[in-house]
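So the structure is just underneath, and the comments pick up after that.
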Amino acid sequence: MILKKYTVIVLQRLNNLCSHFLKTYIPQVPQDTSAYFIFKLYNIFKEEIKRHNMDSLFFNIEVPLSRILADMERTGVMVDRKSLRELSKEVDLNIDNISKDIFKIAGQEFNLNSPKQLRKVLFENLGLPPQKKTKTGYSTDEEVLRKLSFKYHVAKLILEYRQFSKLKYTYLIPFIQQADNSSSKIHASFNQTATKTGRLSSSSPNLQNIPIREDFAQRIRRVFVPSFDGGYILSSDYSQIELRVLAHFSGEDALLHAFRNGKDIHLYTASILFGIDIQKVTKKQRDAAKRVNFGIIYGMSSYGLAKELHISEDEARSFIEDYFARYPKIKKFIDSIIKEAKSKGYVKTITGRIRYLPDINSSNRDLREFSFRQAINTPIQGTAADIIKIAMVNIFREFNKEGLSSKLILQVHDELVFDVNKKELKKVVDIVKNNMENSINLVVPLVANLKIGKNWLELSPLTSNNEI
DNA sequence: CGTCTCACG
DNA sequence: ACGTACGTGAGACGT
């Protein structure tokens, strides 16, 4: 069934390519001639790939990876359907109670899922003070409701309602429906050509955005379980991979020093930024430094940082100035990336993956500055994507060589998740740790943190001292 | 099908 | 004066 659906899509795309590059269509004849046309296209694209110096990226990383993604899709992820149903019941009960409370305050029933109706109830009928606008009227997004919730209980209830309904419609209902009846497995798609930076994406369902931040929502993770009797879920995530990539590209001494000596990078940044000892950095200062570090990776603006830190734009501006004064090589790196993007019209990752930025010299300031931020972010995000892809290819190869039955089941950008056969745990741990930390040589070490457990929520760190 | 909202890295 | 943090996918609504 599924295969049939995709065959149609693939043939249609193949025909589009034939039309564009071969100026012909695949004839509608009884024999399948598509292999012949694929070969003709291959000869054209092979040269094009070579011309762009992407042979190695394509043949050594992306092609082997496509088989791994297919394997992950086929294997699927086991879910505990009983827990899904129980969670679903609990969520329904909460939605029911909260809805009633909201309707009582509003003095009427309305569709809580409609921003339009909600906006009317909150800002017209109940007279709450609007905080910001969208294209079509007053915004009711999370930021607005959070501000209002200090004074107005109804805003807090809406926030709670939104959380539960998100869980219900985005995760619980689709998972219950999609978990295969006999095997209890969910099979997502891992898309290799969906993003502009080289990351993967996941869809139908998206398994790269399973909740983790909110307490109640976390419980969704608990339904993801091993498929082996007495088996484990093993999760391994890269520590600060994007900041390590930034350290590599910029050569910034402070970052190099921090990563080479295993320091907490946000604490370290805070101590430099505020000019104090690491021991004296407060939680708030560390958090601010963390947001600044992220800001750098995103091509930070004073406006964006001000909003993120809840400070004035002037304060944000001086924050950024301080940052660049103390991390001069990062400033240099950013300037040189933008200069290169402007002259060449594209930026590259460490493997030579290219992203074109056609608006980098636009006379429209918004478009131009958006391209600046993409020029800064893409080599960092894309290189991190390259690194984990190489690790996946090498891990898969070694699993095959060792004849392991354990499976790679998920990739979440800086994290790999494995469905582990109990008997193979030690081997799997060694292979995963080694290949993630040695997938590529940067001027700073790569660190992978491994955790195991009986589901994707309750995981314990795995250290070298652990008995396995 | 665009808009709004929100889940993740 | 202006006004956006980078990259995704999905569900509901309403035109």
Side-chain angles (χ1 to χ4, degrees), chain A residues 110-119 132-146 158-159 161-175 178 188-191 193-214 216-218 220-221 237-243 245-246 291-309 313 316 320 347 349 355 357 364-385 388 410-416 456:
Chain A
F110 61 100
N111 188 343
L112 283 164
N113 299 321
S114 162
K116 197 179 166 192
Q117 293 181 39
L118 178 64
R119 153 197 314 158
K132 63 175 181 184
K133 284 183 173 178
T134 67
K135 279 179 193 167
T136 54
Y138 294 130
S139 171
T140 66
D141 73 9
E142 204 207 314
E143 190 194 338
V144 168
L145 293 173
R146 204 155 15 88
I158 304 276
L159 280 172
Y161 172 85
R162 286 245 176 99
Q163 286 203 353
F164 287 118
S165 80
K166 180 80 179 179
L167 296 186
K168 174 174 177 170
Y169 293 110
T170 306
Y171 304 104
L172 295 172
I173 289 178
F175 288 175
Q178 289 169 39
S189 295
F190 287 95
N191 314 304
T193 56
T195 73
K196 292 162 178 161
T197 56
R199 274 189 176 183
L200 301 177
S201 84
S202 165
S203 57
S204 318
N206 182 356
L207 292 181
Q208 290 180 321
N209 71 346
I210 306 302
I212 191 165
R213 293 171 191 166
E214 302 294 327
F216 188 92
Q218 278 193 354
I220 301 272
R221 292 206 162 214
D237 68 291
Y238 277 115
S239 162
Q240 309 294 352
I241 189 165
E242 292 190 337
L243 285 173
V245 169
L246 175 63
R291 288 167 196 272
V292 174
N293 279 332
F294 275 108
I296 293 296
I297 290 166
Y298 296 157
M300 168 163 68
S301 68
S302 53
Y303 180 82
L305 184 68
K307 224 170 63 175
E308 192 63 34
L309 293 183
E313 212 182 316
I320 294 170
V347 291
T349 70
R355 179 179 187 176
L357 297 167
N364 178 326
R365 198 205 55 196
D366 286 355
L367 286 179
R368 191 176 62 243
E369 290 186 349
F370 191 28
S371 298
F372 286 0
R373 295 194 293 275
Q374 292 170 329
I376 296 163
N377 178 260
T378 297
I380 300 171
Q381 186 185 119
T383 296
I388 198 167
L410 297 171
Q411 190 256 36
V412 194
H413 311 305
D414 65 352
E415 173 188 18
L416 298 177
W456 197 13

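Each chain gets a letter, A, B and so on, in the order its sequence line appears, and its residues count up from 1.
- Comparing A:Met300 and A:Gln117 by the nucleotide of DNA chain C whose heavy atom lies nearest to each, the residue mapping closer to the 5' end is A:Met300.
- Residue A:Tyr303 is in base contact, counting any heavy-atom pair closer than 4.0 Å across all strands shown.
- In A:Tyr161, the OH atom is crowded: over 12 heavy atoms of neighbouring residues, nucleotides or ligands sit closer than 6.0 Å.
- Side chain of A:Gln411 to backbone of A:Leu416: no donor-acceptor contact under 3.5 angstrom is found.
- Sorted by residue number, the members of residues 366-375 of chain A with any non-hydrogen atom under 4.0 Å from DNA chain C read A:Phe370, A:Arg373, A:Gln374.
- Per the geometry, CD belonging to A:Glu242 stands 13 Å off C1' belonging to B:dC8, to the nearest Å.
- Using a 4.0 Å heavy-atom cutoff across all strands shown, A:Gln218 reaches no nucleic acid atom at all.
- Rounded to an integer number of Å, the gap from CZ of A:Phe164 to P of B:dA7 is 12 Å.
- Between A:Lys132 and A:Asp141, the closest side-chain pair of non-hydrogen atoms falls below 4.5 Å.
- Nucleic acid contact for A:Gly295: base, since at least one base atom lies under 4.0 Å from a heavy atom of the residue.
- Nucleic acid contact for A:Ala384: none, since no nucleic acid atom lies under 4.0 Å from a heavy atom of the residue.
- The line from CG of A:Leu112 to OG of A:Ser114 is 9.5 Å long, rounded to the nearest 0.5 Å.
- Taking atom C1' on both nucleotides, B:dC6 is separated from C:dC2 by 27 Å, rounded to a whole Å.
- The stretch residues 195-202 of chain A comes close to DNA chain C through A:Thr195, A:Lys196, A:Thr197, A:Arg199, A:Ser201, A:Ser202, each having a heavy atom under 4.0 Å from the strand.
- As a whole-Å value, the separation of A:Leu172 CG from B:dA7 C1' is 13 Å.
- Nearest-nucleotide assignment on DNA chain C puts the 5′-proximal partner with A:Phe294, out of A:Phe294 and A:Asn113.
- Between the P atom of B:dC8 and the CG atom of A:Asn206 lies a distance of 11 Å, rounded to the nearest Å.
- In this entry the distance linking CZ of A:Phe216 with C1' of B:dA7 reads 15 Å, nearest Å.
- Taking the side chain as every heavy atom from C-beta outward, A:Phe175 and A:Leu207 approach each other to under 4.5 Å.
- In this structure A:Thr378 satisfies the side chain to side chain donor-acceptor pair (under 3.5 Å) test together with A:Arg355, sequence neighbours excluded.
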Subject >> Per-nucleotide pairing state of DNA chain C [Watson-Crick or G-U, under 3.5 Å; [ ] pseudoknot-crossing; | other strand] >> reply: .....|||||||||.
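- A 4.0 Å heavy-atom criterion places the boundary nucleotides of DNA chain C facing chain A at C:dC2 to C:dT15, written 5' to 3'.
- Across all non-hydrogen atoms, the minimal contact from A:Asn209 to A:Tyr171 is O-OH, 2.6 Å.
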Subject >> Base-contact (B) and sugar-phosphate-only (S) positions in nucleotides 1-6 of chain B, heavy-atom cut-off under 4.0 Å, - elsewhere >> reply: --SSSB
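- The backbone N or O of A:Asn206 sits nowhere less than 3.5 Å from a side-chain atom of A:Ser203 that would complete a donor-acceptor pair.
- A:Leu200 places a side-chain heavy atom less than 4.5 Å from the side chain of A:Gln208.
- Contact check on A:Lys307 versus A:Glu143 returns no salt bridge, with no Lys/Arg side-chain nitrogen under 4.0 Å from an Asp/Glu carboxylate oxygen.
- When side chains are defined from C-beta on, A:Ser165 counts as touching A:Asn113, because their heavy atoms get closer than 4.5 Å.
- Across all strands shown, A:Ile210 has heavy atoms under 4.0 Å from sugar-phosphate atoms exclusively, and none from any base.
- Here, B:dC4 and C:dG3 have their P atoms 16 Å apart, quoted to the whole Å.
- Under the 4.5 Å side-chain criterion, counting only non-hydrogen atoms from C-beta, A:Arg162 is not in contact with A:Glu142.
- Here the side chain of A:Arg119 pairs no donor or acceptor atom with the backbone of A:Ser139 at under 3.5 angstrom.
- At least one side-chain heavy atom of A:Leu410 sits under 4.5 Å from a side-chain heavy atom of A:Phe190.
- A:Leu416 places its CG atom 16 Å from the C1' atom of B:dC8, with the value rounded to the nearest Å.
- Inter-residue side-chain proximity for A:Val347 and A:Ile376 is flagged as unmet; no heavy-atom pair is nearer than 4.5 Å.
- Using a 4.5 Å heavy-atom cutoff, the side chains of A:Ile158 and A:Thr140 are not in contact.
- Looking at A:Ser189, its side chain never comes within 3.5 Å of a backbone N or O of A:Asn191 through a donor-acceptor pair.
- One interatomic measurement links the two molecules: OH of A:Tyr171 to P of B:dA7, which rounds to 7 Å at whole-angstrom precision.
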